[in-house]
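These notes are about the structure you will find just below.
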Amino acid sequence: MEARYNFKEIEPKWQRRWEASDLYRVTEDDTKPKFYCLEMFPYPSGNLHMGHVRNYSIGDVVARFKRMCGYNVLHPMGWDAFGLPAENAAIHRGIPPAEWTWSNIANMRRQLHAMGISYDWDREVATCHPNYYRWTQWLFLQMYKHGLAYRKQAAVNWCPSCATVLANEQVVDGACERCHTPVMRKDLEQWFFRITDYADRLLADLKKLPGWPDKVKIMQENWIGRSTGARVVFRLEGSDAEIPVFTTRPDTLYGVTYMVLAPEHPLVEKLAAGTPHEKTVAEFVRAARYLSNLDRTATEKEKEGVFTGAYAINPVNNERVPIWIANYVLMEYGTGAVMGVPAHDQRDFEFARKYDLPVKVVIQPAGQELDGATMPTAYVEDGLMVNSGPFNGTPNREGISKVTEYLERMGKGKALVNYRLRDWLISRQRYWGAPIPMIYCDHCGIVPVPEEDLPVVLPEGVEFRPTGESPLTYCPEFVHTTCPRCGGPARRETDTMDTFVCSSWYFLRYTSPHSQEQAFARDKVDYWMNVDQYIGGVEHAILHLMYARFFTKALHDFGLVGVEEPFQNLLTQGMVLKEGSKMSKSKGNIVSPEEIIDRYGADTARLFILFAAPPERDLEWSDQGVEGCYRFLNRVWRLVAAYADDVRRADALPMAPTKPADEELWRLLHVTIKKVTEDIETRFNFNTAISAIMELVNGCYRYQDGISANEQNLPLMGEVLRKLVTLLAPFAPHIAEELWQGLGGRASVHLERWPVYDPEALVAREVTLVVQINGKVRDRVQVPAGLPDQEVESLVLKRDKVASMLAGQQVVKVIVVPDKLVNVVARRAS
RNA sequence: GCGGCAGUGGCGGAAUUGGCAGACGCGCUAGAUUCAGGUUCUAGUCCUGAUCUACAGGGUGGGGGUUCAAGUCCCUUCUGCCGCACCA
C-alpha cells in the first residue's frame with residue numbers, strides 16, 4: 001500500500017471501476033427484500049450546492065447501508081428540468097432553454113459522479129425529455145378523463161414582474177415567492193386539478209404515515225385546513241335571491257346582527273345599485289381590488305367596511321340584518337359571505353363596536369349574565385343557548401347539530417365540511433414546461449390530444465417576448481393544428497404545466513424509466529413502491545409532498561398503481577449555513593462543493609457534512625471542521641497502511657483475543673459495530689456513528705502504542721481493521737474501497753455484508769461503578785460485571801472513603817443501578 | 001395571534017430508557033519530531049477556589065417543583081428560528 005493517502009488518484013479510479021462493473025445497477029429480484037431509497041431530484045441550475053451535497057450524502061449512506069444489509073436497493077437520480085431560470089437564460093443570454101438545461105445537467109451529473117454517490121445511472125430521468133413529458137401529458141389526459149382536470153375562468157394571482165400566474169400556494173405573504181413583487185389579481189381561463197376532491201383523504205391518511213416527521217404532517221394538516229360547520233342560507237330582503245354563508249358556529253345563528261360580503265362577491269354591485277350607498281360601495285370595492293392580498297390580510301390592518309343599504313333575512317327568526325361589505329372577508333374561502341355574531345366572535349365583535357352594530361348575546365355562561373351593550377370582548381366559550389327560540393336552554397355544543405338539523409328540515413341549510421385547500425392551478429404562460437395536451441376547435445370545443453399523438457413536442461427556436469403570454473403563442477406552426485375529432489382547423493393550448501406536475505410522479509418513472517409503451521410498468525411499480533426512505537429539504541413539506549400524495553391517490557383510483565401513499569418514511573434535512581445564514585450569492589458566503597472536493601476529496605466532503613450535525617438540524621459550515629475530517633481519513637489510512645502487509649500474511653492464524661489489551665480492542669470493535677448500526681438504522685444520527693468510528697480508530701492506535709510489536713495479535717488486528725473499513729464504507733466509499741483492497745479484499749467492500757456484533761463480546765468482565773453519597777459522586781470502584789446488588793452494597797459501604805464520609809450519619813437506603821452506579825442515601829444520625 | 005422546533009464549554013455537537021454532563025471533532029496551551037512553515041506525535045483544556053496528583057464548591061436560558069437521582073419529567077417564564085395567519 002502507498003504510504004500516503006492520495007484521494008486525487010483513488011477517487012476517480014474507483015468511480016470508473018464501479019461504473020464499469022455496474023456495481024450499483026439493480027433489477028427486480030424476489031430473493032431479496034427491496035428497499036427504495038430516494039432523494040429529491042435537483043433542479044439543474046448548473047452546479048451542485050452544499051444542500052445537494054448534504055441531501056445526497058445522507059441518501060447514499062442509507063442506500064449503501066441497506067445494500068450491505070442484504071437489501072435489493074433502488075437508488076436513482078434524475079432532473080427536475082423544466083422551469084423559469086432556463087427561460088431567463090434564453091432572454092438574458094440568448095441561449096435556448098433546452099441547450100442551457102442539458103449542459104447544466106451534464107455538469108451536475110459529472111459533479112455527482114465525482115462525489116461517488118451509488119446511483120443506478122441507467123435509470124436517470126429528465127422531466128424535460130420528450131420521453132418523460134410525453135407521460136406527464138398522458139397523466140394529464142387521465143386526470144381530464146376522470147374529471148380531475150378542468151378549465152375555469154378565475155381571478156388568479158398575477159405577478160406583474162414575472163408576467164405570470166402563480167398558484168395560491170406559490171404566493172408568500174401576498175407576494176410572488178420568487179421575486180417578492182406584490183401579487184395582483186387578473187382573470188384568465190386556466191387549467192386546474194381537482195385536488196380538493198382528495199382533501200379528506202389527504203388529511204386522514206396522514207395518520208398512516210408514522211415515518212413522517214410530525215412537523216411536516218402538522219404543516220399539511222394546517223394547509224388542508226378542515227373545518228366542520230354548516231351552510232346557512234339567508235334570503236335577500238325584497239327578492240328571491242339567496243345568500244349562503246358558511247359558519248362553524250350554527251349554535252350562534254340567533255345572535256346574527258349583520259352580514260358581511262367580500263368585495264368581490266357577485267351580489268355586491270346589485271345590492272347598492274340605485275341607493276344612496278352606491279357611490280361609497282363602488283369606491284370601497286375598487287380600493288379593495290387594487291389592494292393585494294398582502295395588504296388585505298395584514299393583521300395590523302384595521303377591519304374596514306361599508307353598509308350596502310340592503311338587508312338579509314335570518315332563516316331561523318326572520319330578523320332583518322344589514323348587509324355590509326368588508327376587507328377582511330375573502331371570496332376564495334367558504335361562500336365569500338359571513339354572518340356577523342359579535343357577541344361570540346372576537347373579529348365580529350371588533351367590527352360591530354367600530355360601526356355601532358348591535359351585540360346580541362345568545363350563549364350564556366353558567367352563573368354569569370352577559371350584556372351585549374357593555375361586554376368588553378366577545379364570549380367564545382361554551383354555555384347555554386338563550387334568545388334562541390326553541391333552543392333556549394340547550395348547551396351550545398349540542399346546539400350546533402340541533403340547529404343544523406333544524407335548518408336541514410326547513411331546507412335552509414345543511415351540515416358542511418369546509419377546506420382551506422384550493423384546487424391546484426397548473427397552467428403556466430411559459431415556454432419551458434410540458435405543453436398541456438389540449439386542442440380548441442371552433443366546432444367541437446375543447447378536445448384532448450389523442451394518446452397516440454403524444455408527446456406534444458415543444459417547438460425549438462421560439463421567440464421570447466416580455467409579455468404575459470406564453471412564447472408558444474407566437475409560434476404558428478405549434479398553435480395551428482387540426483381537430484382530432486372533426487379534422488377542421490383548430491388551435492393548441494399554448495400554456496404549459498406547472499413543474500410540480502412533472503415532479504409529482506417521477507418516483508414511479510424510475511421503476512421503468514425506459515418504457516416507450518407506458519408511463520410506468522405496473523409490475524415494476526408493484527415491486528418497488530413505496531419509496532421506503534425519501535430524503536429532502538423541509539421547504540418541500542407542503543407543495544411537492546402534497547401534490548405527489550395527490551397524484552399517487554388519483555393514480556390508485558384510476559387503477560394504475562396499487563399504493564395510496566408514495567413515501568413511507570420521510571427525512572427532512574436542515575439547511576447548510578455559513579456564518580449563521582443560508583449560503584447565497586448576495587451574501588457572498590457560498591462554499592463550492594467542487595472546490596472542496598478538489599482540495600480534500602469527496603470522501604472528506606461527505607464525511608464532514610455528515611459529521612457536523614444530525615441531518616434534521618441546520619448545519620454550520622466550518623473549513624476547520626473539514627480539515628479535521630481530512631486529518632481523520634489520513635489517520636485511518638496510516639493505521640491500515642501500517643498493518644496491511646502483516647495482516648495479509650496473518651490471515652490463516654487464529655485470532656482469539658488473549659491479553660487484556662486484546663480483549664479491550666475486541667470489545668471496542670463490537671461496541672462500535674452496535675453503535676454505528678443503530679445510529680444509521682434507527683436514528684439517522686450519522687454524526688454519532690462517525691464519532692464512534694473515530695473512537696475505534698483511537699482505540700487501535702492505543703493498542704498499537706500499548707503493546708510491543710511482536711506481542712500484537714495480528715489476526716485480531718486484521719479482523720478489527722477489516723470491520724473498521726467496512727463500517728466506514730457507506731460514509732467514505734472510495735478510501736474504504738482502497739483500504740479494503742490493501743487488506744487483501746478481492747471483491748468490492750461495498751458488496752460485503754454489514755458487520756454484525758457479537759453480544760458476548762460486549763460483556764465486560766469488570767465494570768467501574770460510580771459511588772454517590774446523597775447524589776454526589778464520591779468514589780469509583782472496579783467490580784466484576786453482574787455482581788448482585790447485595791454484594792455491591794456491602795462492598796461499597798466497606799470502602800474506606802465511603803465509610804469516612806458516612807461517619808456520624810445513618811444510611812437510610814442504598815440504590816444500586818446494576819453495573820453502573822450506587823447511591824448511598826444517608827442522614828445525620830439523630 | 002396560532003402551531004412546531006430549539007436554547008448545553010471559546011465553537012459544531014454528545015448524553016438513545018431519569019443514573020458519572022461535556023463523548024467525538026474543531027480551536028487553544030505546552031512539549032517532542034521536523035526544524036522554514038506545515039505535517040505528525042504526546043499532554044492539557046466547563047467555571048471558581050485551593051495545601052494545583054483525583055480536593056471542595058458551582059454548572060445544561062431564568063424561576064419553581066417531583067425524585068435517592070433531572071440536560072432529560074411537571075409548572076412557569078425569557079430568547080431565537082421555522083410554518084401558518086382576519087378561515088367565518
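Residue numbers start from 1 in every chain, and the chains themselves are labelled A, B, ... in the order their sequence lines are given, proteins ahead of strands.
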Would you call B/G9 syn or anti, using the 90° rule around 0? syn
OP1 or OP2 of B/C68 versus the side-chain N and O atoms of A/Lys813: is any pair under 4.0 Å? yes
With C1' as the reference atom in both, quote the distance from B/G13 to B/C46 in angstrom, rounded to an integer. 15 Å
5' priority, RNA chain B, between A/Asn698 and A/Val770 [closest heavy atom]: A/Val770
Between A/Phe611 and A/Phe632 (judged by ring centroids, cut-off 6.0 Å), do the two rings come close enough to count as a pair? no
From A/Asn222 CG over to A/Ile542 CD1, what is the distance, rounded to the nearest 0.5 angstrom? 8.0 Å
When the C1' atoms of B/G4 and B/U60 are considered, how many whole Å apart are they? 23 Å
Using the C1' atom in both, what is the distance from B/C35 to B/C41, to the nearest Å? 15 Å
Between B/C20, B/C24, B/G13, which one does the side chain of A/Glu695 approach most closely? B/C24
So, is A/Lys776 close to the B/G58 phosphate, meaning a side-chain N or O under 4.0 Å from OP1 or OP2? yes
Suppose we define a pair by two distances each less than 3.5 Å, Watson-Crick or G-U wobble; what does B/C68 pair with here? B/G19
Syn or anti for B/C20, given that syn means the glycosidic angle lies within 90° of 0? anti
If you measure from the P atom in B/G3 to the same atom in B/G71, how many Å do you get, rounded? 28 Å
Between the base of B/C84 and the side chain of A/Asn222, is there a donor and acceptor pair under 3.5 angstrom? no
How would you label the contact of A/Asp345 with the nucleic acid (heavy atoms, under 4.0 Å): base, sugar-phosphate, or nothing? nothing
Indicate, with a heavy-atom threshold strictly under 4.0 Å, whether A/Val825 touches base, sugar-phosphate, or nothing. sugar-phosphate
Go through the side-chain N and O atoms of A/Asn698 and A/Arg635 and say whether any donor and acceptor fall under 3.5 Å apart. yes
Tell me whether the count of non-hydrogen atoms from other residues, nucleotides or ligands lying under 6.0 Å of CG in A/Asp800 goes above 12. no
Rounded to the nearest angstrom, tell me the gap between atom CD1 in A/Ile690 and atom C1' in B/G12. 13 Å
Which part of the nucleic acid, if any, lies within reach of A/Gly628 when heavy atoms closer than 4.0 Å are counted: base, sugar-phosphate only, or nothing? sugar-phosphate
Think A/Arg420 has a side-chain N or O under 4.0 angstrom from the OP1 or OP2 of B/A85? yes
Residue met sooner reading RNA chain B from 5', once A/Met694 and A/Leu821 are mapped to nucleotides: A/Leu821
P atom, B/C20 versus B/A70: distance in rounded Å? 11 Å
Taking only N and O in the side chain of A/Arg347, is any of them less than 4.0 Å away from OP1 or OP2 of B/A85? no
Has A/Gln790 got more than 12 heavy atoms of other residues, nucleotides or ligands less than 6.0 Å from its CD? no
Please assess A/Glu616 against A/Lys215 for the test salt bridge (Lys or Arg N to Asp or Glu O under 4.0 Å), listing each intermediate value before the final yes or no. CA-CA 11 Å; A/Glu616 308 228 45; A/Lys215 174 188 174 149; over 6 Å; no
B/G37 -> Watson-Crick or G-U wobble partner, both distances under 3.5 Å, gives none
Indicate, with a heavy-atom threshold strictly under 4.0 Å, whether A/Asn687 touches base, sugar-phosphate, or nothing. sugar-phosphate
Minimum-distance nucleotide (side-chain atoms of A/Pro614 versus B/G3, B/A14, B/C87): B/A14
Heavy atoms from other residues, nucleotides or ligands near CD of A/Gln346 exceed 12 (cutoff 6.0 Å): yes
Identify whether any heavy atom of A/Arg231 sits under 4.0 Å from a base atom; if not, whether one sits that close to sugar-phosphate; answer base, sugar-phosphate or nothing. nothing
Between B/C24 and B/U45, how far apart are the two P atoms, rounded to whole Å? 12 Å
Any idea which of B/G13, B/C68, B/G19 is nearest the A/Gln772 side chain? B/G19
For this output row, return yes or no: ring centroids of A/Tyr328 and A/Phe351 closer than 6.0 angstrom. yes
Starting from C1' on B/C55, measure out to CE on A/Met805 and report it in whole angstrom. 10 Å
How many whole angstroms separate atom CZ of A/Arg54 from atom P of B/G12? 14 Å
Sort out the partner of B/G44 for me: Watson-Crick or G-U wobble, both distances under 3.5 Å, none otherwise. B/C28
Mark yes or no for a side-chain to base donor-acceptor pair under 3.5 Å between A/Arg617 and B/C5, with no hydrogen or angle criteria applied. no
Mind checking who B/A6 pairs with, Watson-Crick or G-U wobble, both distances under 3.5 Å? B/U79
Tell me: CG of A/Asn823 to C1' of B/U67, nearest whole Å? 11 Å
Between A/Tyr333 and A/Ser227: side-chain donor-acceptor atoms closer than 3.5 Å: yes
Would you call A/Arg799 and A/Asp779 a salt bridge, using N to O less than 4.0 angstrom? yes
Checking B/G13, B/G3, B/C87 against the side chain of A/Leu330 (C-beta onward), the nearest is B/C87
Applying a 3.5 Å limit to both distances, which nucleotide forms a Watson-Crick or G-U wobble pair with B/A88? none
With both distances under 3.5 Å as the test, what is the Watson-Crick or G-U wobble partner of B/U53? none
By nearest atom, which of the nucleotides B/A15, B/G57, B/G4 is closest to the A/Arg683 side chain? B/A15
Pairwise C1' distance, B/A15 and B/A69 [rounded to whole Å]: 16 Å
Which nucleotide in the set B/G13, B/C68, B/C84 lies at the smallest distance from any side-chain heavy atom of A/Trp223? B/C84
For the P atoms, the ones on B/G37 and on B/G57, what distance do you get once it is rounded to whole angstrom? 47 Å
Would you indicate, yes or no, if B/A88 has its OP1 or OP2 atom less than 4.0 angstrom from a side-chain nitrogen or oxygen of A/Ser227? yes
Under 3.5 Å between N/O atoms: give me all the protein pairs with nucleotides 39-42 of chain B, atom names plus distance.
unit_1 : atom_1 : unit_2   : atom_2 : d
B/U40  : O3'    : A/Arg638 : NH2    : 3.3
B/C41  : OP1    : A/Arg635 : NH1    : 2.9
B/C41  : OP1    : A/Arg638 : NH2    : 3.4

Distance under 6.0 Å and angle within 45° of the ring axis: does A/Arg4 meet both against A/Trp637? no
Among the nucleotides B/C24, B/A21, B/G83, whichever has the atom closest to the side chain of A/Met219 is B/G83
